[in-house]
Amino acid sequence: MSPDIPTYAPSDEHEMLRATVRELAEAKIAPYAAQVDEESRFPQEALDALVQNDLHAVHIPEAYGGAGADALATVIVIEEVARVCASSSLIPAVNKLGTVPVLLAGSEELKKKYLTPVARGEAMFSYALSEPEAGSDAASMKTRAVRDGDHWVLNGTKMWITNAGVSQYYTVMAVTDPSAGARGISAFVVEKDDEGVSFGAKERKLGIKGSPTRQVILDNVRIPADRIIGAEGTGFKTALTTLDHTRITIAAQAIGIAQGALDFALGYVKERKQFGKAIAEFQGVQFMLADMAMRLEGARQLTYHAAIKSERAMNGESVPDLTFVSSACKCLASDVAMDITTDAVQLLGGYGYTREFPVERMMRDAKITQIYEGTNQIQRMVMARQLLK
Ligand code: CAA
């Protein structure tokens, strides 16, 4: 390719990675997706397959033993896993969410200590921001961290924590100065085995049933002072900067789920015969398929565009519109995924409404992408604030 032509599209390497992940996902993850959903059990087969192929946390830099994949490659991995199993796609996605605060703001010692085991596939890393009374208004959190000599002592309850209980490490945001509002929040690494850490019951959810969502309860958890991520009082900024990078991975999950539903519906409409012909021959069905694919491709391109901006920002470049494009792609892709999966159920008719076919699971799984890492109402608020700034 001529060096003068800007490289906007995924490279050949990105497409090779997509082919590899697709093959692996179809062979090793898809066969268990329905069972994982039905039994609400963790997709251990997916974790094993991803770890064996070094695809469980591809974003971790080579310096810490990771694959050092760029943000677009990470998006492609999550997208391809989500295409067959949304619950399993939360393994690479949440490993990124939990570790980005350490990557962005952690000390070198913290990075070495905590990123290396994640890169090796020995530990997973979750992110603990929300609380029972602090969801969209994340800064109103109550979890406290109090300094005591060479330690911090944490007390509080974090809620909706993805992969809680299976992750070894947690980035926990806690109030260190109650008089300072958002500037009085700090971020810490908490380990599952720290004394005083326990987990609530598994939430009984509509979708992503294979990924445990639980409270993380902190009862006088005493951790060494050097487990703070960045300077005291910078935790909320770190938490939001992290979301600027990781809302893009939720968009990736959404487009993957939507692609899975579209692919299934495309196969079905060619086979299903009514009125003496395949239903794919009806223009009403064709227009639905065209709209689904058109909107999906639009969402995908915005997500890839955002991923490239995320990569540039991670490499120290100033990217003033990262917050906007990150919220925009998450919001667009998740709304599009909800519509596409609902239309896929419609195209399968009564069959689509049953558990004999995967599209009803995909529709249930798509719903969460409009909710977590900030509801789509919050995304619109974030975008509007950027526009009016
Ligand atoms: N990057 C860095 N800093 C940012 C920022 C950004 N994108 N946006 C705001 N900030 C800074 C502000 O500059 C401000 O700092 P200063 O006072 O030093 O200037 C500070 O953060 C507070 O900003 P605001 O006053 O704008 O904060 P707010 O309380 O009004 O609202 C919000 C912020 C955007 C609504 C935020 O609370 C938010 O995003 N809420 C949604 C929460 C969310 O996404 N939760 C997801 C949980 S994680 C999850 O779901 C994961 C999972 O398990 C899969």
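Both counts, for ligands and for their atoms, begin at 1 and track the order of listing. If you're wondering where the values come from, they're calculated on a predicted model, not measured in any experiment.
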Novice: Write out all pairs satisfying ring-ring contact (aromatic ring centres under 6.0 Å, His included) with one or both partners inside residues 78-125, taking only residues at least two apart or from two chains.
Specialist: Y114-Y169, F125-Y169

Novice: Can you list the atoms of ligand 1 that are under 4.0 Å from a heavy atom of W160?
Specialist: 53 (O)

Novice: Is it true that E38 and K209 make a salt bridge, defined as a side-chain N closer than 4.0 Å to a carboxylate O?
Specialist: no

Novice: Please identify which atoms of ligand 1 are closer than 4.0 Å to at least one heavy atom of G135.
Specialist: 42 (C)

Novice: Salt bridge or not between D335 and R380? Use side-chain N to carboxylate O under 4.0 Å.
Specialist: yes

Novice: Are R120 and E122 ion-paired here, with the side-chain N under 4.0 Å from a carboxylate O?
Specialist: yes

Novice: Answer yes or no for atom 25 (O) of ligand 1: protein heavy atom present at a distance under 4.0 Å?
Specialist: no

Novice: Would you mind running through ligand 1 and noting each atom that sits below 4.0 Å from a heavy atom of G374?
Specialist: 43 (C), 44 (O), 45 (N), 46 (C)

Novice: When you measure from atom 51 (C) of ligand 1 to the protein, is at least one non-hydrogen atom found at a distance under 4.0 Å?
Specialist: yes

Novice: Looking at M381, which atoms of ligand 1 are within less than 4.0 Å of one of its heavy atoms?
Specialist: 35 (C)

Novice: Under 4.0 Å from any heavy atom of Y127, which atoms of ligand 1 are there?
Specialist: 48 (S)

Novice: Which of the atoms in ligand 1, numbered in the order shown and given with their element, are less than 4.0 Å from a heavy-atom of D244?
Specialist: 1 (N), 6 (C), 7 (N)

Novice: Give the numbers and elements of all ligand 1 atoms closer than 4.0 Å to a heavy atom of I378.
Specialist: 39 (O), 40 (N), 41 (C)

Novice: Within the side chain of R272, is there an N or O that forms a donor-acceptor pair under 3.5 Å with the backbone of I279?
Specialist: no

Novice: Heavy atom to atom 44 (O) of ligand 1, shortest distance: which of H245, Q253, M159, R247 holds it?
Specialist: R247

Novice: Look at atom 47 (C) of ligand 1 and find which of A164, S130, S126 reaches it with the closest heavy atom.
Specialist: S130

Novice: Give me each pair satisfying ring-ring contact (aromatic ring centres under 6.0 Å, His included) with a member in residues 127-167, each pair once, sequence neighbours excluded.
Specialist: W152-F188

Novice: Nearest to atom 13 (O) of ligand 1 by heavy atom, M141, Q379, K237, Q377: which?
Specialist: K237

